[in-house]
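All remarks here apply to the structure that follows.
The structure presented is a predicted model; accordingly, all values stated were derived computationally and were not measured. Each chain gets a letter, A, B and so on, in the order the sequences are listed, and its residues count up from 1.
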Protein chains: 2
Amino acid sequence: MAAKRSGARGKRSERISESLQPTQEPRSEPPLSLERIVATAVELLDAQGVDGLTMRRLAERLGSSPMSLYWHVDNKEEVFDLALDSVLEYPGPPQIAESRDWRGAVVHMLEDWRASMLRHPWSASLLPRRALGPNILSRLELLSKTLSKAGVADADLNVAIWSLWNYVMGATITRGSVDLSDDDRVAAQQRLTRLSERYPTIERSRLLLDNDWDGTFRKGLDFLLDGLARDNEHSSIPGR
Amino acid sequence: MAAKRSGARGKRSERISESLQPTQEPRSEPPLSLERIVATAVELLDAQGVDGLTMRRLAERLGSSPMSLYWHVDNKEEVFDLALDSVLEYPGPPQIAESRDWRGAVVHMLEDWRASMLRHPWSASLLPRRALGPNILSRLELLSKTLSKAGVADADLNVAIWSLWNYVMGATITRGSVDLSDDDRVAAQQRLTRLSERYPTIERSRLLLDNDWDGTFRKGLDFLLDGLARDNEHSSIPGR
DNA sequence: ACCTGAACACCGTTCAAGT
DNA sequence: ACCTGAACACCGTTCAAGT
C-alpha cells in the first residue's frame, strides 16, 4: 500500500542524463504499478516541489502515457495523498524495550516525525490539505498508547495528543516557511532593521536569524511536556 | 497596503445572481487598484478555496481583462502573499490597559490569531509556502514585547515565541485538515472502528470525533504556558 | 500611466479506442 | 486487465499594441 524508500536512489545523475537526451532510453521499463507511481511521485516532489508534480511529467518519468496513470489512480489528489502518507511510514512501533521512560519515547517519536517531514519539505505544505492516511494514523496510535501507559487519564488523552501533534506540525511547517536560504534570511532581517522602529523587539532578538531550529524545537517541546506532566501529577497516577 | 474587511459583504446572493446572468452588469466598475485586487482575491478565496483563485476569474470579478492585473502585481504568487497578509491584520496593538496580566494578554492575542485564520480557511494551508508579511511581523512583534515585559529573558525569548507560534499554526492547520464535514468525520471514525485491531487506542478515545477544537486549543495552550512560566520562574524575574 | 487581445506553452481529465 | 492519442476546457504569462 505504501511506497518503500526506493525514491532516493541515484536521482541526481539520472536527472542530468535525462535532460541531455530527453526522450530516449525506453530501456524496457517495468510495468506500471501503484508502488512505482507513488515512489516516482515522491522523487518528483523531492526534486521539483509541489508545483513540479504534474500528471504529464510523472508519466514521462515512468515511461508511460499520462492517461495510463488514471487506471491506477482516480486523480491527482490521490497521488498527493499516497505520496504524503508513504513518506510518513514509521519503522519503530514494535520496539524491544518497553522503556519506562515515556518522556524519552515521546520525544523520540516526535523528533522522528519531524525529521521525516523535513526530509521531504513538500510534505509539510501538503499536509494541511490532505486526509489522514494509515501511516499518520499509526503514528497517532503509537503516541496515544505511550501516553496512556504513562498514566494520562482517558479524559486528557485527546488534548495531550492534539497538543503534541499541533506543536510538531507547526514547528515543521514553520521551519519550511521561515527557513529561507541564508541570503533571503539576511535580506529579511535587514528589511527588519530598516523598519526597526516598527519591529524593535524582534529586531533586537534577531528572531529571523535565530536558526537553531533543532534546539528550539526540542526546548519548546520540553515546555509542552513539562506542562503535560505537571497536569498529570495533579489529576491522576503520578508516574509509571 | 492591506485590504480592509470589505470581503464578507453579501457574497452569497452576489454569487447566485452572478451565476444566473454570467457576464452582465458592467455597472461602471471603479478603477483597478491594489486594494481592490487584494480584497476581491480574498472574496474569491473565501468562496472557492485556494484552487479557485485564478487570475482570469479574479479579473472577471473585477470587471477587467486578466492582463490588467499584471500592471498592479508581478504575478499570482504576489496576489497570494498580499491576500494572506491582509487577512492577518491585527486591530489591537495600542491597547488601553497595559494589563499586568501577561498571560491573559498572550492568550487573547493567540486566540485572535487563530480566529482570524479560521475565518479564512485557505489561509492556514497557504501560510506554509508564503513569506512573512508586515501584519504577521506586527503580531510577532507584539507577542515578543508582551513576553519580554513579562520578564522572559532575552535568551529565552525566541524559543518562547516560536513555541507559541508553532502551536497556533499547528492547531489552526490541524483543525482545517482534520475537521471535515460531520459526515466525513463519522465515516473516518467508522473506518477506524473497522480497523480497530490496528488502531485500538485512538479508536477508544474517539480522537477523530472529539470536535471541541476551541476547548482543546485552549487547554493545550495552557499546558505550554505552564511550561513557559515554570521555566521563567527558575531562570529569571519571578513575575510582574 | 494604465489597460487590452492574441498567442504560447502548458495543465487535468473525458472519451472512445486499442491490445 | 491494462494502456493509449486525440480532444476539451482550462491555466499563467509574454509581447506588442492601444489610449
Taking only Lys NZ, Arg NE, NH1 and NH2, and the carboxylate oxygens of Asp or Glu, determine whether A:R61 and A:E43 approach each other closer than 4.0 Å.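 Salt bridge between A:R61 and A:E43, a charged N being under 4.0 Å from a carboxylate O: yes.
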
Can we say B:D214 and B:R114 salt-bridge, meaning some charged N sits less than 4.0 Å from an Asp/Glu carboxylate O?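 Looking at B:R114 together with B:D214, the answer is yes, because their closest N to O distance falls below 4.0 Å.
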
If you compare all heavy atoms of [X] against all heavy atoms of [Y], which two are closest, and at what distance to 0.1 Å?
X      : Y      : result
A:I173 : A:P128 : CD1-CG, 4.2 Å
A:P66  : A:R56  : CG-CG, 4.1 Å
A:H72  : A:S68  : CD2-O, 3.6 Å
B:S144 : B:I161 : OG-CD1, 2.6 Å

Convert the base pairs of DNA chain C into dot-bracket notation, remembering that pairs crossing earlier ones are written with [ ] and that bases paired across to another strand are shown as |; include only Watson-Crick or G-U pairs under 3.5 Å. ||.|||||...|||||.||

C:dA17 and D:dC2: how far apart are their C1' atoms, nearest whole angstrom?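 The same atom, C1', in both gives a distance of 13 Å.
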
Provide the distance between the two C1' atoms, one in C:dA16 and one in D:dC3, to the nearest whole Å.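 Looking at atom C1' only, C:dA16 and D:dC3 are 13 Å apart.
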
At 4.0 Å (heavy atoms only), tell me whether B:M55 reaches a base, stays on the sugar-phosphate, or touches nothing.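 It contacts sugar-phosphate atoms only.
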
May I ask you to say what B:S68 touches in the nucleic acid, namely base, sugar-phosphate or nothing, with a heavy-atom cut-off under 4.0 Å?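 Base, at least one base atom sits under 4.0 Å.
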
Six-ring centre of B:F217, B:R175 cation under 6.0 angstrom, axis tolerance 45°: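 Judged by the rule (NZ or CZ under 6.0 Å from the ring centre, within 45° of its axis), B:R175 is not positioned above B:F217.
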
Terminal contacting nucleotides, 5' and 3', DNA chain D versus chain B (heavy atom, 4.0 Å):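 Nucleotide range in contact with chain B: D:dC11 to D:dT14.
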
Going by atom types only, do A:T174 and B:W165 share a side-chain donor-acceptor pair under 3.5 Å?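 Their side chains do contain a donor-acceptor pair, which is all the 3.5 Å distance test asks for.
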
Upstream residue (5' side of DNA chain D) when A:W71 and A:M67 are each assigned their closest nucleotide: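 Looking at the nearest nucleotide for each, A:W71 comes out on the 5' side.
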
